[in-house]
Amino acid sequence: MEFGICFKGFVEPERARALVRQAENAGFTYCWFYDSHILWRESYMAMAMCMEHTTKMRFGPCVTNPNTRDWSLAASMFGSLAKQSGGRFDIGLGRGDSAVRVMGKKPAPLKRLEEFTHVVKALVRGDEAQYGECPEPVKFPWATGYELPVWVAAYGPKALSSAGRVGDGLILQIAEPKICKWLADQAKEAGNAEGRDMSGFRVMAAAPAHTGPLDEAIEKVRWFPAMVGNHVADIVEKYGTDNKDIPSSLTSYIENRRGYDYSKHGQSDNPYLDFITEDIVKEFCVLGTPDEHIAKLNELEAAGVTQFNIYLDSGDEEKIIADYGDKIIPVFNEKAKEKAAA
């Protein structure tokens with residue numbers, strides 16, 4: 001199991017530098033940033049800054065999309081950050097959520113997401129690529145063959161198929177083990193059907209974690225199932241609630257959902273949180289004592305999750321990092337050593 005942290009763009013630079021240093025020393029290996037340039041500051045400058053204060057940690061957007069930037073500009077930025085960090089750069093990729101919807105625009109079709117994946121990977125590698133918005137082929141003379149890892153965020157059947165067919169990993173914004181397994185299995189099946197070697201395919205569960213008192217933690221992370229519910233609502237609108245390919249446990253909790261305020265995306269003061277129950281918060285997040293965290297993370301690992309990415313913006317960030325570094329990550333590192341020696 002790998003461990004990551006994820007920032008929104010409102011974290012102050014001095015604090016971001018301190019938190020990534022602390023997290024790397026605690027054993028976290030990834031630092032992700034929201035990529036929503038209107039709601040929060042542009043994240044790639046912050047990634048470049050944090051790279052200079054770490055030596056092993058990998059960075060990337062969680063998630064970017066095909067519609068915000070010209071594809072050659074996006075690929076040039078990705079390749080430049082990979083070069084600057086010594087090869088410590090991945091991307092998370094989705095159709096586009098808050099980054100485009102806050103402007104009244106629509107997410108990208110999955111066909112466009114897949115084409116974007118192929119084009120940016122080719123350009124970062126140094127190959128020539130052509131795409132619809134650019135009539136002439138593009139090639140970076142400075143590219144050095146870097147293979148850009150692309151993690152695809154997905155929930156619905158078609159998006160999961162895209163993730164398995166073109167992605168190097170899958171991003172799931174949920175920490176409920178049964179749902180994670182059900183979703184990840186679909187992506188892997190699609191990759192296998194495409195003839196891909198899925199043995200190295202990675203699966204991320206991204207969700208808030210809190211090691212403080214449970215009642216306090218529930219209130220601090222109640223925003224998260226509402227953010228997930230926004231994506232689930234899209235799935236329900238497209239596929240319906242009686243679709244055999246979508247578990248009722250993923251859709252039933254949004255029955256009383258009244259809307260979503262994108263100007264308050266991923267924030268505790270979003271006005272549309274009334275439908276979120278305590279049980280849903282406990283299922284979707286990782287809460288409780290360090291031992292309870294370990295127990296749930298073991299379930300996630302057994303379900304096929306390879307990285308737990310903590311949305312680190314619900315308070316007590318330094319304490320959460322310290323608790324993971326002292327009491328949780330060492331357990332999984334030891335387990336990995338025992339597995340490697342067996």
Other hydrophobic cluster members with Ile171, side-chain heavy atoms of Ile/Leu/Val/Met/Phe/Trp/Tyr under 4.5 Å, chained? Tyr30, Trp32, Val63, Trp151, Met204
Looking only at atom types and distance, does a side-chain atom of Ser85 sit under 3.5 Å from a main-chain N or O of Ala82, one as donor and one as acceptor? yes
Parallel, tilted or perpendicular: rings of Tyr44 and Phe89 (30°, 60°): tilted
Ion pair check, Lys296 and Asp291, cut-off under 4.0 Å: no
Does any pair with a residue in residues 183-214 pass ring pair (Phe, Tyr, Trp, His ring centres under 6.0 Å), and if so which ones, sequence neighbours excluded? none
State whether the side chain of Asp127 and the backbone N or O of Leu123 hold a donor-acceptor pair below 3.5 Å, judged by distance alone. no
Which residues satisfy the salt bridge (Lys or Arg N to Asp or Glu O under 4.0 Å) test with Arg17, sequence neighbours excluded? none
Is the shortest distance from a Lys or Arg side-chain nitrogen in Glu317 or Arg15 to a carboxylate oxygen in the other one below 4.0 Å? yes
Quick one: ring-ring contact (aromatic ring centres under 6.0 Å, His included) partners of Phe59, sequence neighbours excluded? none
Would you call Glu24 and Lys56 a salt bridge, taking side-chain N to carboxylate O under 4.0 Å as the test? no
Got a donor-acceptor contact below 3.5 angstrom from the Asp316 side chain to the Lys319 backbone? no
Partner residues of Tyr131 under the ring-ring contact (aromatic ring centres under 6.0 Å, His included) criterion, sequence neighbours left out: Trp71
Check ion pair Arg165-Glu189 (N to O, under 4.0 angstrom): no
Any salt bridge between Glu42 and Arg69, counting N to O under 4.0 Å? yes
Give a yes or no on whether a salt bridge exists between Lys220 and Glu216, defined as a side-chain N under 4.0 angstrom from a carboxylate O. yes
Strictly below 4.0 Å, N to O, side chains only: are Glu219 and Arg222 in salt-bridge contact? yes
Residue list, ring-ring contact (aromatic ring centres under 6.0 Å, His included) with Tyr311, at least two apart or on another chain: Tyr34, Phe224
Identify the heavy atoms of Tyr146 and Gly87 that sit nearest to each other, and give their distance. OH-O, 3.4 Å
Would Lys121 and Asp168 pass as an ion pair if we require N to O under 4.0 Å? yes
Name the orientation class of the two ring planes belonging to Phe78 and Phe116 (parallel below 30°, tilted from 30 to 60°, perpendicular beyond 60°). perpendicular
